[in-house]
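Scroll down for the structure; my scribbles are underneath it.
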Amino acid sequence: MSHEHVSNAKRIWTVFGLLSVITIVEVIFGIIKPEPLYLNSFLGLSLLNWIFIILTLVKAYFIVFAFMHMEGEKKTLQNSVIYPVIFLVIYLLFILLTEGNYIYGVFKFSTIKWNF
């Protein structure tokens with residue numbers, strides 16, 4: 001019994017196109033910086049930064065599942081990869097927001113000035 005090689009060229013080009021569109025949207029938002037997204041904040045970050053974080057996570061998902069062939073693995077292996085990553089991303093965002101707010105408060109309300 002021999003297995004036939006199935007070409008995934010269409011799927012690879014589809015994922016490549018999707019990743020390219022997401023990257024182009026990120027670049028356009030980075031250049032234009034729309035005021036409703038840039039000046040309004042949610043949980044300590046501007047809405048524009050939240051959009052960047054979400055789009056980057058979407059790109060990471062497609063890279064892992066399409067190009068690292070995770071979609072063909074068993075559900076338990078997929079979960080053992082995805083759940084720690086989700087936990088770490090939430091943890092790192094928490095640290096980023098907490099420490100960033102603390103540093104901002106130190107520089108804003110003390111005699112230490114911004115030197116950089």
Side-chain angles (χ1 to χ4, degrees):
M1 257 174 141
S2 65
H3 295 282
E4 261 185 54
H5 176 68
V6 179
S7 175
N8 289 329
K10 180 181 177 188
R11 189 172 152 280
I12 289 172
W13 283 109
T14 303
V15 172
F16 172 74
L18 182 65
L19 293 175
S20 297
V21 167
I22 292 173
T23 302
I24 290 169
V25 167
E26 285 179 334
V27 169
I28 290 171
F29 276 159
I31 292 171
I32 295 174
K33 288 187 183 177
E35 286 191 22
L37 297 176
Y38 182 66
L39 298 178
N40 293 323
S41 64
F42 176 72
L43 294 176
L45 283 178
S46 71
L47 294 176
L48 187 61
N49 286 345
W50 281 112
I51 289 174
F52 286 147
I53 290 169
I54 291 168
L55 289 177
T56 302
L57 291 175
V58 168
K59 286 192 322 186
Y61 170 82
F62 278 108
I63 289 170
V64 168
F65 273 80
F67 296 120
M68 299 175 89
H69 308 290
M70 284 294 289
E71 77 277 1
E73 300 295 337
K74 292 184 179 182
K75 195 68 173 169
T76 53
L77 180 61
Q78 290 178 356
N79 290 340
S80 68
V81 170
I82 294 299
Y83 291 155
V85 170
I86 291 171
F87 172 75
L88 287 174
V89 166
I90 291 171
Y91 178 69
L92 289 173
L93 283 174
F94 170 76
I95 294 294
L96 174 82
L97 294 174
T98 303
E99 295 299 322
N101 192 32
Y102 172 76
I103 296 290
Y104 177 75
V106 166
F107 281 116
K108 184 176 181 182
F109 299 115
S110 71
T111 58
I112 301 172
K113 298 298 176 200
W114 298 95
N115 292 330
F116 45 89

message = Going by ring pair (Phe, Tyr, Trp, His ring centres under 6.0 Å), name the residues that satisfy it together with Phe29, two or more places apart in sequence or in a different chain.
response =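 By the ring pair (Phe, Tyr, Trp, His ring centres under 6.0 Å) rule, Phe29 matches no residue at all.
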key: Shortest non-hydrogen contact between Asn79 and Pro84, atoms and distance   =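 So the minimum-distance heavy-atom pair works out to O-CD, 3.9 Å.
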When rounded to the nearest 0.5 angstrom, what is the spacing between [atom1] in [X] and [atom2] in [Y]?
{"X": "Asn49", "Y": "Leu96", "atom1": "CG", "atom2": "CG", "answer": "9.0 Å"}
{"X": "Glu99", "Y": "Phe94", "atom1": "CD", "atom2": "CZ", "answer": "8.5 Å"}
{"X": "Ile51", "Y": "Phe42", "atom1": "CD1", "atom2": "CZ", "answer": "12.5 Å"}
{"X": "Leu18", "Y": "Thr23", "atom1": "CG", "atom2": "OG1", "answer": "9.0 Å"}
{"X": "Ile82", "Y": "Leu77", "atom1": "CD1", "atom2": "CG", "answer": "10.0 Å"}
{"X": "Leu48", "Y": "Glu26", "atom1": "CG", "atom2": "CD", "answer": "10.0 Å"}

ask   = Taking the six-membered ring for Trp, are Phe87 and Tyr91 parallel (under 30°), tilted (30 to 60°) or perpendicular (over 60°)?
value =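 Correct class here is parallel.
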Hydrophobic cluster membership, with links at side-chain heavy-atom distances under 4.5 Å among I/L/V/M/F/W/Y: are [X] and [Y] in one?
{"X": "Trp50", "Y": "Leu39", "answer": "yes"}
{"X": "Leu47", "Y": "Val58", "answer": "yes"}
{"X": "Ile28", "Y": "Val25", "answer": "no"}
{"X": "Ile90", "Y": "Leu55", "answer": "yes"}
{"X": "Ile12", "Y": "Ile22", "answer": "yes"}

Pair listing, salt bridge (Lys or Arg N to Asp or Glu O under 4.0 Å) test, anchored in residues 9-22, at least two apart =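 Sorted pair list: Arg11-Glu71.
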ask   = Hey, mind stepping through Phe52 and Leu37 against side chain to side chain contact (heavy atoms under 4.5 Å, CB included) and telling me if it holds?
value = CA-CA 11 Å; Phe52 286 147; Leu37 297 176; over 6 Å; no
